[in-house]
Colleague: 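My questions all concern the structure below.
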Amino acid sequence: MAGPLSFDVLAASLRQDSRDLAVFAEVLAKKLEQAVPNFVRIERQGGLFQKNPTVRRIVVTFDPWQYVLEHQKGRVNAMRVKMVRGVAIKTDPMDLNPWIDAVSEELVRVASQESEARESLERFLLDS
């Protein structure tokens, strides 16, 4: 795909803050919530009185796959989960970079089919 919404540009944008994993999880969650809120669910951890609960889990859903990124104690675990009727039937652990590539590829695919998703992703890339 040519233009501002290319796979390479999107993957690079998602990958840009991955050196500090805590910051990466927060930035990625914010970017995905703003760009594709209908496809992402963010789970946060923190006590009742914590001002800024941290990202514990990011779930990006593209039927039938869920791309899950879990952040705990300075580590991230990435995986792809195949869902059938709400039940996980297969879980594939992934390294972070292939996970980012897979999510980016799915986002570009969705954006090519849905104008609202495309506009959101283009805004996301302009703000990055």
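Numbers for residues simply follow the sequence, beginning at 1.
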Colleague: Quick one: does any side-chain atom of E33 pair with a main-chain N or O of V40 as donor and acceptor, under 3.5 Å?
Modeller: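 Judged by distance alone, no pair lies under 3.5 Å.
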Colleague: Provide the closest heavy-atom pair for P53 versus R44 in the form atom of the first, atom of the second, distance.
Modeller: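 Taking P53 first and R44 second, the nearest heavy atoms are O-NH1, 3.4 Å.
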Colleague: What is the distance from atom OH of Y67 to atom CD1 of I100, rounded to the nearest 0.5 Å?
Modeller: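 Here the rounded value is 13.0 Å.
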Colleague: Between V81 and A88, what is the shortest heavy-atom contact and its length?
Modeller: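 Closest pair (atom of V81, atom of A88, distance): CG1-CB, 3.5 Å.
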Colleague: For the atom pair CE (M83) and CD (Q66), what is the distance rounded to the nearest 0.5 Å?
Modeller: 4.5 Å
Colleague: Closest heavy-atom contact between V55 and H71?
Modeller: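 Shortest heavy-atom separation between V55 and H71 comes out as O-ND1, 3.4 Å.
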Colleague: Going by side-chain hydrogen bond (donor to acceptor under 3.5 Å, both in side chains), name the residues that satisfy it together with E106, two or more places apart in sequence or in a different chain.
Modeller: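 So E106 forms a side-chain hydrogen bond (donor to acceptor under 3.5 Å, both in side chains) with R109.
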Colleague: Please report the closest heavy-atom contact between T54 and E26, naming both atoms and the distance.
Modeller: CA-OE2, 3.1 Å
Colleague: Tell me, do V60 and L32 make a side-chain contact under 4.5 Å, heavy atoms counted?
Modeller: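 Side chain of V60 against side chain of L32, heavy atoms only: contact under 4.5 Å found.
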Colleague: Start with the C-alpha distance between V76 and W99, add both sets of side-chain angles, then the distance that settles side-chain contact (heavy atoms from CB on, under 4.5 Å), and finish with yes or no.
Modeller: CA-CA 11 Å; V76 293; W99 185 90; over 6 Å; no
Colleague: Just verifying a value: how many Å separate R57 CZ and N77 CG, rounded to the nearest 0.5 Å?
Modeller: 10.5 Å
Colleague: Answer with yes or no whether the hydrophobic clustering places L28 together with M94; edges join I, L, V, M, F, W, Y residues whose side-chain heavy atoms lie under 4.5 Å apart.
Modeller: yes
Colleague: Could you report the tightest heavy-atom contact between A78 and L69, atom names first, then the distance?
Modeller: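 Where A78 meets L69 most closely, the heavy atoms are CB-CD1, 3.8 Å.
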Colleague: Do I42 and L107 share a hydrophobic cluster (ILVMFWY, side-chain heavy atoms under 4.5 Å, transitive)?
Modeller: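 Yes, one cluster joins them.
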Colleague: Any chance you could measure F62, atom CZ, to E105, atom CD, to the nearest 0.5 Å?
Modeller: 10.5 Å
Colleague: Applying side chain to side chain contact (heavy atoms under 4.5 Å, CB included), name anything that partners K82, two or more places apart in sequence or on another chain.
Modeller: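 Side chain to side chain contact (heavy atoms under 4.5 Å, CB included) list for K82, sorted by chain: P64, W65, I89, K90.
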Colleague: Please report the interatomic distance CD(E70) to CD1(I58), rounded to the nearest 0.5 Å.
Modeller: 10.5 Å
Colleague: The criterion is side-chain hydrogen bond (donor to acceptor under 3.5 Å, both in side chains); which residues satisfy it with E43, sequence neighbours excluded?
Modeller: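 Checked E43 against side-chain hydrogen bond (donor to acceptor under 3.5 Å, both in side chains); matches are R41, R56.
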